[in-house]
Amino acid sequence: GNSVTQMEGPVTLSEEAFLTINCTYTATGYPSLFWYVQYPGEGLQLLLKATKADDKGSNKGFEATYRKETTSFHLEKGSVQVSDSAVYFCALSEPGNQFYFGTGTSLTVIP
Amino acid sequence: GAVVSQHPSRVICKSGTSVKIECRSLDFQATTMFWYRQFPKQSLMLMATSNEGSKATYEQGVEKDKFLINHASLTLSTLTVTSAHPEDSSFYICSARDQGGGGSNQPQHFGDGTRLSIL
């Protein structure tokens, strides 16, 4: 079956630190992979996506590369800001529309 | 970009009340919408898939008589929590996928969620 495993949080970093949030997946076919972000009290927002192996999604300084050989889609940012504090969800989708989400990783960036 | 509007954003009501939550796709058509529930500090759990013009598909363990879903048009799906009780208190989020093309490559667009509190 399909599933997404995310690094457990919470993660606390100082401003300008390097961020990595690990995400691995299991899929029966050829999924698209996504990172969503949820700010406190809000819904989910798409952060970035990748639709095939070796694709790199990027947005707002965040990057993630679709690695089929390691079934991973780790999220990275070179220098985090306080405003990046949120919960980050890794997700996959295969034809058929249903999304599978990881459990979310809470990030707190301190000044 | 594509926007999904969810209303209301917050509901506080007494036990036994039925609560309706609306999910609208504002600038695209969505034959399929999804309803998720999120418990505090946990991930999204898919409750049901709402299909325009037909019955919703519920995930295992979700009571369809408790959570009524209606998808009467290509831009509107509603979730009604019937006879709500305190254990139904949660954050409910809807999403829709733009059917304009791209298949599974199209991301879902999420509403801002509804925080339901049953006293």
Side-chain angles (χ1 to χ4, degrees), chain A residues 1-11 21 23 25 27-53 55 57 59 64 66 73 86-108, chain B residues 1-10 21 23-25 30-52 56-60 71 77 90-99 101-115 117:
Chain A
N2 297 324
S3 66
V4 175
T5 302
Q6 244 181 279
M7 158 182 163
E8 286 192 21
V11 174
I21 300 178
C23 172
Y25 67 91
T28 54
Y30 302 95
S32 295
L33 302 175
F34 306 85
W35 277 99
Y36 282 85
V37 58
Q38 185 178 34
Y39 297 101
E42 298 183 16
L44 294 180
Q45 300 175 27
L46 176 65
L47 181 59
L48 55 83
K49 68 175 184 177
T51 58
K52 61 183 186 297
D55 269 4
N59 185 26
Y66 189 141
F73 193 55
V87 180
Y88 293 83
F89 292 91
C90 185
L92 73 81
S93 174
E94 288 199 277
N97 290 331
Q98 184 177 346
F99 267 55
Y100 297 84
F101 288 88
T103 53
T105 302
S106 175
L107 169 67
T108 301
Chain B
V3 177
V4 171
S5 173
Q6 189 173 337
H7 177 81
S9 58
R10 187 177 183 95
I21 303 170
C23 182
R24 293 180 185 273
S25 57
T31 56
T32 305
M33 292 186 177
F34 303 88
W35 288 96
Y36 295 85
R37 181 174 182 176
Q38 186 180 30
F39 291 99
K41 298 184 180 181
Q42 295 188 27
S43 186
L44 298 168
M45 291 179 56
L46 179 65
M47 298 175 64
T49 302
S50 171
N51 304 298
E52 188 268 335
T57 304
Y58 290 82
E59 296 299 302
Q60 191 173 9
H71 194 154
S77 175
S90 191
F91 192 56
Y92 294 86
I93 305 177
C94 72
S95 71
R97 175 174 258 157
D98 189 342
Q99 300 298 133
S104 71
N105 295 336
Q106 289 295 94
Q108 288 190 11
H109 302 284
F110 287 83
D112 283 341
T114 298
R115 185 160 302 284
S117 300

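Source: prediction; values computed, not measured. A, B, ... follow the sequence lines: proteins, then strands. Residue 1 opens every chain.
- Heavy-atom distances place no part of Gln6(B) under 4.5 Å from chain A, backbone and side chain included.
- Per-residue heavy-atom pair counts under 4.5 Å with chain A were compared for Gln38(B), Arg115(B), Arg10(B), and the maximum is reached by Gln38(B).
- Between Ile93(B) and Gln38(A) the shortest side-chain heavy-atom distance falls below 4.5 Å.
- Annotation for Glu59(B): atom CD counts as buried by contact number, over 12 foreign heavy atoms lying within 6.0 Å.
- For Met7(A), the CE atom sits in a packed shell: over 12 heavy atoms of surrounding residues, nucleotides or ligands are nearer than 6.0 Å.
- Taking Phe110(B) as the reference, Tyr36(A), Phe101(A), Tyr36(B) meet the ring pair (Phe, Tyr, Trp, His ring centres under 6.0 Å) condition, with sequence neighbours excluded.
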